[in-house]
Amino acid sequence: MDRRQLPIFEIERELIAQARAQRRLIVRAPTGSGKSTQIPQMLLDHGLLDEGLPRASRGRAVILQPRRLPTRLLAARVASERGVKLGSEVGYQIRFENVAGADTRLLYETEGVLLRQMLSNPRLDGVSAILFDEFHERHLYGDVTLARALQLQQTTRPDLRLIVMSATLPSGPLEDYLSPCAALEAEGRLFPVAIEYIDRPVDFDRTPAWEIATAEFERVCREGDPGDTLIFMPGAYEIARTVQALGNSAAARGRIILPLHGELPHADQDAAVTGYDRPKIIVSTNVAESSLTIEGVKLVLDSGLARIPRFDPARGINTLLVEKISRASADQRSGRAGRTAPGRGVRLWTEREHAGRALQEVPEIRRLDLSEVMLTLRAAGAGDLREFHWFEPPEPRALDRAETLLRDLGALDAATGAVTELGRRMVGFPVHPRYARMLIAAESFGCVRAVALIAALTQGRSLWMRKPDKSTREQREEVLGEEGASDFFGLMRAFRYADSHHYDVAACHRLGIHANTARQVRALAGFFLDLAEKTGLKIEDRAPETEAICKCILTGFSDQVARRVDTGTLRCLMVHGRKGVLARESAVQDSPLLVASEVREVEGRGGELSVILSLATAVRPEWLEELYPGDFHEQVDVEYDAAERRVTAWRRRLFRDLALESRRVDPPPADAAADILAEEVIKENISLPRWDETTDQWIARVNSLAAWCPELGLAPYSEKDRWLVIRVICRGAVAARDLKDRPVTAAFKDQMDPSRRALVEKHAPEKIELSNGRRARLVYTEGESPHMALRIQDLYDVSDSPKIAKGRVPVVVEILGPNHRPVQVTRDLAGFWRDHYPRVKKEMQRKYPKHEWR
DNA sequence: GAGCACTGC
């Protein structure tokens, strides 16, 4: 096909005109428009790359790609279109591959490569234009390089041309960001895809996604052959279940069913992408959304779910939870059915729910750990990232978290926040700052070689195949052994095994080792070691001590130190009050103290979340004392043990906020013990057996009298006063049973000074003497008059209600019949005798003739 | 089923 028929040529003239007039350009064009291969050539062929440069000097265009493979493929295609050798006029650069020369005019490279180049060539000399391809994917480095390029354009490089190319990004925000700029659009070469939704919402917790997917596939099949089918699921487990469900379905008979996800060996991934003589069903994760293209797909079935990685800056841990994908992502997925012919997209959610979904995915800059990018940008001279001109600014908390970590690692000055000498050396290593710090520390621990390997082992996928079967596990143990102070040691042994077996796939497979990953680890480890050597780190000749390596790991992750809650459990407490569970497969099973190099929250069955600590290394408390002597302190914690029903005290030694050892202090400190028992009494977890009616009455008497006669200056008991008295009662006690015989009412009385106590006894007495010589008990209730209850016969000769509180408060009399049942309640006894007694007497006399009736 | 998407230097 003549490349001039590509849709992008429809806008060539305008594009060149705008590129001449403007330094910033947006080009929106979908897949298949030819933008990635043709626009760079247009710039070159129209002389735009040399414009404004001195005679005979030549500028180059850098075309940024998010992924390595397409970078190489695009460069190869453009080179062949131009009939030049790859690496001459057209070249590419990705990690470990630099196929470009001084005369390269069109340089395809990954976003991360440019960011590193910004460190060594801060003005980007020689670069006339940067093209940001697939910018809508919003990868971290894409956002970062664009922001930094704009900053350069506004300062030292006003001549730099920036062209942002995207497929689907909505217009508006990007124009505002790049303003002043021009925006152009071109058509794509995709076929229409008919979208269908299910009618009724489905709860995937009750009816799993694989069942719905299978049912929908069967439904589509009833309408005719759907052709090659691509099904999107969030992860490997869901994929396995879907494959299983389809295998049991008659509709899928005669079709090849293939899983596809990143953990699969290369051969299996290739199997999913190749064509067969039979129709196929691919069940895939997000790899098939943009990284891998499967030709000939006619039907896409989309669960609408994906596992999305995030960094939680509040807790400083990574999460990987199943989330609903955005509308843009759903369109991208269904678009996979329209690459070669019109297709069909079936979505396992309702149209109504679709309307409520997010327009775009949250960009990486808003959900990933920023410490590495922060250090690189700061070292490249980008200044304060809070002031940086972001397309979308990162969360302030994420910046804070990154800055804190960099200060803790010593990369930023604790006081000024400037990049330290150590920080500058760390930037030299293209790894997370934790590993960069470890590499530098490794020199003094004499283990640079080992740490270079460790750093390499943590990049990309794990060397271990996931969920090995029993025989694989046994083979592993037999060949590699299982001894381990660190999970890294297991990985290192696996790597050495793979290396000594020349990365033989079968030999590695026997032990459940990814041979290809091991090969990449070797390249990386060698690369890190070269860098270490160039930086001037002394590389040891002898094998390092295990302990040195463990200590070195600790320097990178001292904020992820964890302690077992108890022996025999995997549950751990971490510094900063976090909790987690040690990975079951970890080799560090016996050490009570460990450091986790990976902390990740994942979602289990029924949406249950758990924080898994992996890549663990055993730690001895002495190492912490040696490396962080200032981060220790001791404290005595006094607490109530509900099971023992007693106060216990522990002397604890803490590393930061994590208790490393606890020793019981017996007896516990008396004051604190009394306080805690008193609190438990207030909370009614412990009772005071001798707290009785007289106690409550005493409190009611004092409080009532304080209200009736304020001039006496009595204070009513507040919550706090009671607490104080209870505390006195508890003094010297450590267990609930010590309180059994402690007097309570007396304690309340003793707490009051004698003159006041006498006032209470006088004006709010417990008992009152009546005019007929009898003594009656008074019952006090706060806010009410006191009561007394007496039989009529006991009230003879008491002509009127008695009064207390200096005669201000009449006692309410509950008059009882001979059967002790109330006859009348009155605060006016005189009125009773006069108005009611004659009638009462008549009635009662009949019922109780033997009693005295006056 | 105790639990792991995808990139990139």
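Proteins get letters first, then strands, A, B, ... in listed order; numbering begins at 1 in each.
Computed from coordinates, the A:L368 CG to B:dA5 P distance equals 16 Å when rounded to whole Å. Put simply, CZ on A:R307 is 9 Å from P on B:dG3, counting in whole angstrom units. Atom pair A:R571:CZ and B:dA2:P shows a separation of 17 Å (rounding to whole Å applied). In this structure, the CG atom of A:L114 is 11 Å from the C1' atom of B:dC9, given to the nearest Å. Between the CD1 atom of A:I365 and the P atom of B:dT7 there is a distance of 20 Å, given to the nearest Å. Atoms CZ (A:R367) and P (B:dA5) sit 15 Å apart, rounded to a whole Å. Between the P atom of B:dT7 and the CG atom of A:D143 lies a distance of 19 Å, rounded to the nearest Å. The NZ atom of A:K467 sits 9 Å away from the C1' atom of B:dA2 (whole-angstrom rounding).
Proximity note for A:E372 (side chain, C-beta onward) versus B:dT7, B:dC9, B:dG1: the nearest is B:dC9. Each of B:dG3, B:dG8, B:dT7 was ranked by its minimum atom distance to the side chain of A:R461; first place goes to B:dT7. The side chain of A:V287 has B:dC6 as its nearest neighbour among B:dC9, B:dC6, B:dG8. Of the listed nucleotides (B:dG3, B:dC9, B:dC6), B:dC9 has the atom at the smallest distance from the side chain of A:P430. Comparing B:dG3, B:dA5, B:dC9 by their nearest atom to the side chain of A:T110 picks out B:dC9. Considering only the side chain of A:A583, B:dG3 comes nearest among B:dA5, B:dC9, B:dG3. In this structure, the nucleotide among B:dC6, B:dC4, B:dC9 sitting nearest to the side chain of A:I94 is B:dC9. Each of B:dA2, B:dC4, B:dC9 was ranked by its minimum atom distance to the side chain of A:L570; first place goes to B:dA2. Set against B:dA5, B:dC4, B:dG8, the side chain of A:V602 has B:dC4 as its closest nucleotide. Considering only side-chain atoms of A:A236, the nucleotide from B:dT7, B:dA5, B:dC9 that sits closest is B:dA5.
Of the side-chain N and O atoms in A:R466, one or more sit less than 4.0 angstrom from OP1 or OP2 of B:dA5. Of the side-chain N and O atoms in A:S614, none sit less than 4.0 angstrom from OP1 or OP2 of B:dG3. OP1 or OP2 of B:dC9 has at least one side-chain nitrogen or oxygen of A:R68 nearer than 4.0 Å.
Across the interface with DNA chain B, nearest-nucleotide mapping of A:G235 and A:H432 shows A:G235 to be the residue nearer the 5′ end. Mapping A:F527 and A:E263 onto DNA chain B via the closest heavy atom, the residue that lands nearer the 5' end is A:E263.
A:R95 comes within 4.0 angstrom of a base, heavy atoms only. Residue A:L115 is out of contact with every strand shown, counting any heavy-atom pair closer than 4.0 Å. Base contact: A:Q459 has a heavy atom under 4.0 Å from a base atom. Here A:P309 lies in heavy-atom contact (under 4.0 Å) with a base.
One cannot find a donor-acceptor pair under 3.5 Å joining the base of B:dG1 and the side-chain atoms of A:E238. On a pure distance criterion of 3.5 Å, no polar donor-acceptor pair joins the side chain of A:E289 and the base of B:dC6.
At a threshold of 4.5 Å between non-hydrogen side-chain atoms, the residues A:L321 and A:R310 do not count as touching.
The separation of B:dT7 from B:dG3, taken at their P atoms, amounts to 24 Å, rounded to a whole angstrom. B:dA5 and B:dC9 are spaced 22 Å apart, taking the P atom of each and rounding to whole Å. Nucleotides B:dC6 and B:dA2 place their C1' atoms 24 Å apart, quoted to the nearest Å.
The 12-atom threshold is not exceeded at CZ of A:R571, counting heavy atoms of other residues, nucleotides or ligands nearer than 6.0 Å.
Ring centroids of A:F204 and A:W349 are separated by 6.0 Å or more, keeping the two rings apart.
Between A:V297 and A:R336, the shortest heavy-atom distance links the atoms CB-O, 3.6 Å.
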Query raised in the report: Where do A:K324 and A:E353 land on the salt bridge (charged side-chain N to carboxylate O under 4.0 Å, His left out) test, with the steps shown first?
Result: CA-CA 10 Å; A:K324 290 176 176 169; A:E353 200 219 302; 3.6 Å; yes
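Screening A:T517, A:I513, A:N516 for a side-chain contact (heavy atoms from CB on, under 4.5 Å) with A:C508, the sole residue that qualifies is A:I513.
Relative orientation of the A:F135 and A:F391 rings is tilted, given thresholds of 30° and 60° on the angle between their planes.
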